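All of these numbers come straight from a predicted model, not from anything done at the bench. Throughout, protein chains are lettered first and strands after them, A, B, ... in sequence-line order, and every chain is numbered starting at 1.
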Number of protein chains: 2
Amino acid sequence: MKKATPGELLRQHGLKVTSTRKDVLDALIMARKPIAAEALQDALGKNADIATIYRTLQTLVSKGLVYQTNFRDRKAHYEYQEKHHHHVVCTECGTREETKLCIDAKKLARTFTNFRTLDSHVLEFFGVCNKCTT
Amino acid sequence: MKKATPGELLRQHGLKVTSTRKDVLDALIMARKPIAAEALQDALGKNADIATIYRTLQTLVSKGLVYQTNFRDRKAHYEYQEKHHHHVVCTECGTREETKLCIDAKKLARTFTNFRTLDSHVLEFFGVCNKCTT
DNA sequence: ATCATAAATGCGAATTATTCGCAATTAGAA
DNA sequence: TTCTAATTGCGAATAATTCGCATTTATGAT
Ligand SMILES: [Mn+2]
Ligand SMILES: [Mn+2]
Ligand SMILES: [Zn+2]
Ligand SMILES: [Zn+2]
């Protein structure tokens with residue numbers, strides 16, 4: 001199957017297809033990394049309203065199309081998530097690397113917690129990348 | 001060895017021992033769970049200045065005495081961390097459970113990333129606790 | 001014990017990210 | 001095409017956190 005367009009993705013998730021939504025989702029897909037709301041606005045060429053962008057992001061997150069992370073920073077970052085994954089972030093230069101490493105939350109819930117199931121998890125690693133380790 | 005007092009802890013980390021610092025650290029130790037800056041101020045009986053509390057928290061975090069988490073919420077939470085651990089949070093009622101489960105970041109860095117070492121990581125689980133699963 | 005000095009505090013004002021209220025617009029169903 | 005609920009745009013409002021600066025305080029040296 002070929003990759004779905006932003007419009008199709010929105011429709012698949014039962015969302016009205018508006019141009020802001022298409023643009024935001026498209027920008028997120030292009031970015032291929034976590035990006036903050038304001039940076040997203042810049043990427044869109046300033047034509048979109050910031051409140052609308054925030055509302056759009058909330059919607060996309062609620063549908064699971066986009067993953068929201070609150071790093072140590074105080075602003076939220078949003079990433080289009082075609083496939084679940086995590087990041088390793090360099091605390092010196094901000095370089096971000098994707099990692100396939102994950103954890104089996106289902107098994108884990110039984111072994112290590114009293115919850116029957118775990119719906120989601122946040123996992124981020126911090127270190128100094130090889131370039132910054134002189 | 002018996003448990004160190006807040007004052008001793010501060011001294012051990014090369015920090016000036018002030019009453020706000022002792023109070024904040026003490027409150028965090030008592031709380032035994034992540035707590036936000038303002039809640040901390042309440043716990044301290046309103047006598048401490050919020051800007052000072054924030055500065056104190058930054059300091060404690062920088063020394064590794066306290067662990068800062070930015071959940072999905074927009075406010076940061078701080079927890080005294082005698083021993084590294086993570087949480088399982090119920091998205092219905094907010095119940096928070098500690099879990100011993102962790103990951104071996106050293107081994108991991110070699111296997112799954114290009115970083116030589118990983119200094120820290122954030123790991124939080126979200127689900128619905130048994131009480132909320134009617 | 002007193003002093004000197006850098007560090008910490010308190011206060012108010014400033015910033016920053018995010019949300020809200022509401023009138024105007026628009027997507028999609030009928 | 002028409003109708004209506006959902007979405008947008010704008011500006012103003014919130015909420016969390018930080019900043020500037022004058023004042024106080026902890027601690028090391030005398
Ligand atoms: Mn990624
Ligand atoms: Mn804990
Ligand atoms: Zn995962
Ligand atoms: Zn861990």
Participant: Kindly indicate whether the side chain of B/Leu57, heavy atoms from C-beta on, has any atom under 4.5 Å from the side chain of B/Leu28.
Facilitator: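 The answer is yes, as the side chains (C-beta and beyond) meet within the 4.5 Å cut-off.
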
Participant: Could you check B/Ala37 against A/Ala51 and say which one's nearest nucleotide on DNA chain D is further toward the 5' end?
Facilitator: A/Ala51

Participant: For a 4.5 angstrom cut-off between non-hydrogen side-chain atoms, does A/Phe115 reach B/Thr133?
Facilitator: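 A/Phe115 vs B/Thr133: side chains apart.
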
Participant: With the side chain counted from C-beta on, respond yes when B/Asn70 and A/Thr69 share a heavy-atom pair under 4.5 Å apart, and no when they do not.
Facilitator: no

Participant: Indicate whether OP1 or OP2 belonging to C/dA7 is found under 4.0 Å from a side-chain N or O atom of B/Lys16.
Facilitator: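 It does not, given that no N or O in the side chain of B/Lys16 lies less than 4.0 Å from OP1 or OP2 of C/dA7.
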
Participant: Across the strands shown, which category fits B/Ala36 at heavy-atom distances under 4.0 angstrom: base, sugar-phosphate, nothing?
Facilitator: nothing

Participant: Considering only D/dT27, D/dT7, C/dA17, which nucleotide approaches the side chain of A/Lys75 most closely?
Facilitator: C/dA17

Participant: Is the shortest side-chain N/O distance from B/Thr52 to OP1 or OP2 of C/dG10 below 4.0 Å?
Facilitator: yes

Participant: Starting at atom CG of A/Leu15, determine the distance to atom P of D/dT7, rounded to an integer number of angstrom.
Facilitator: 7 Å

Participant: At under 4.0 Å, does any side-chain N or O of A/Thr56 touch on OP1 or OP2 of D/dT7?
Facilitator: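 A/Thr56 to D/dT7 OP1/OP2: no side-chain N or O under 4.0 Å.
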
Participant: Could you state the NZ-P distance from A/Lys22 to C/dT26, rounded to the nearest angstrom?
Facilitator: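 One finds 14 Å between P of C/dT26 and NZ of A/Lys22, rounded.
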
Participant: Using whole Å, what does the distance between atom P of nucleotide D/dT18 and atom CD of B/Gln58 come to?
Facilitator: 5 Å

Participant: Send over the distance from A/Ile53 CD1 to C/dT19 P, rounded to a whole Å.
Facilitator: 13 Å

Participant: Specify the separation, in whole Å, of atom CG of B/Asp49 and atom C1' of C/dA13.
Facilitator: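 From B/Asp49 CG to C/dA13 C1': 13 Å.
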
Participant: With a 4.0 Å limit, can you tell me whether A/Tyr54 has a side-chain N or O closer than that to the phosphate oxygens OP1/OP2 of C/dT18?
Facilitator: yes

Participant: In this structure, how many angstroms lie between the P atom of D/dT17 and the CD atom of B/Gln41, rounded?
Facilitator: 12 Å

Participant: Give the nucleotide from the list C/dT9, D/dA15, D/dT8 with an atom nearest to the side chain of B/Thr20.
Facilitator: C/dT9

Participant: Grab the CG-P distance between B/Asp42 and D/dA16 for me, whole Å please.
Facilitator: 12 Å

Participant: Within the structure, does a side-chain N or O atom of B/Arg55 lie under 4.0 Å from either OP1 or OP2 of C/dT9?
Facilitator: no

Participant: Without decimals, in angstroms, what is the distance between B/Ile50 CD1 and D/dA15 C1'?
Facilitator: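 My rounded result for the distance is 12 Å.
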
Participant: When you get a sec, tell me which of C/dT9, C/dA27, D/dA16 is the closest nucleotide to the side chain of B/Arg21?
Facilitator: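 The listed nucleotide nearest to B/Arg21's side chain is C/dT9.
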
Participant: Would a 4.5 Å heavy-atom cut-off, applied to side chains only, mark A/Glu97 and A/Cys129 as touching?
Facilitator: no

Participant: Any non-hydrogen side-chain atom of A/Arg21 less than 4.5 Å from a side-chain atom of A/Thr59?
Facilitator: yes

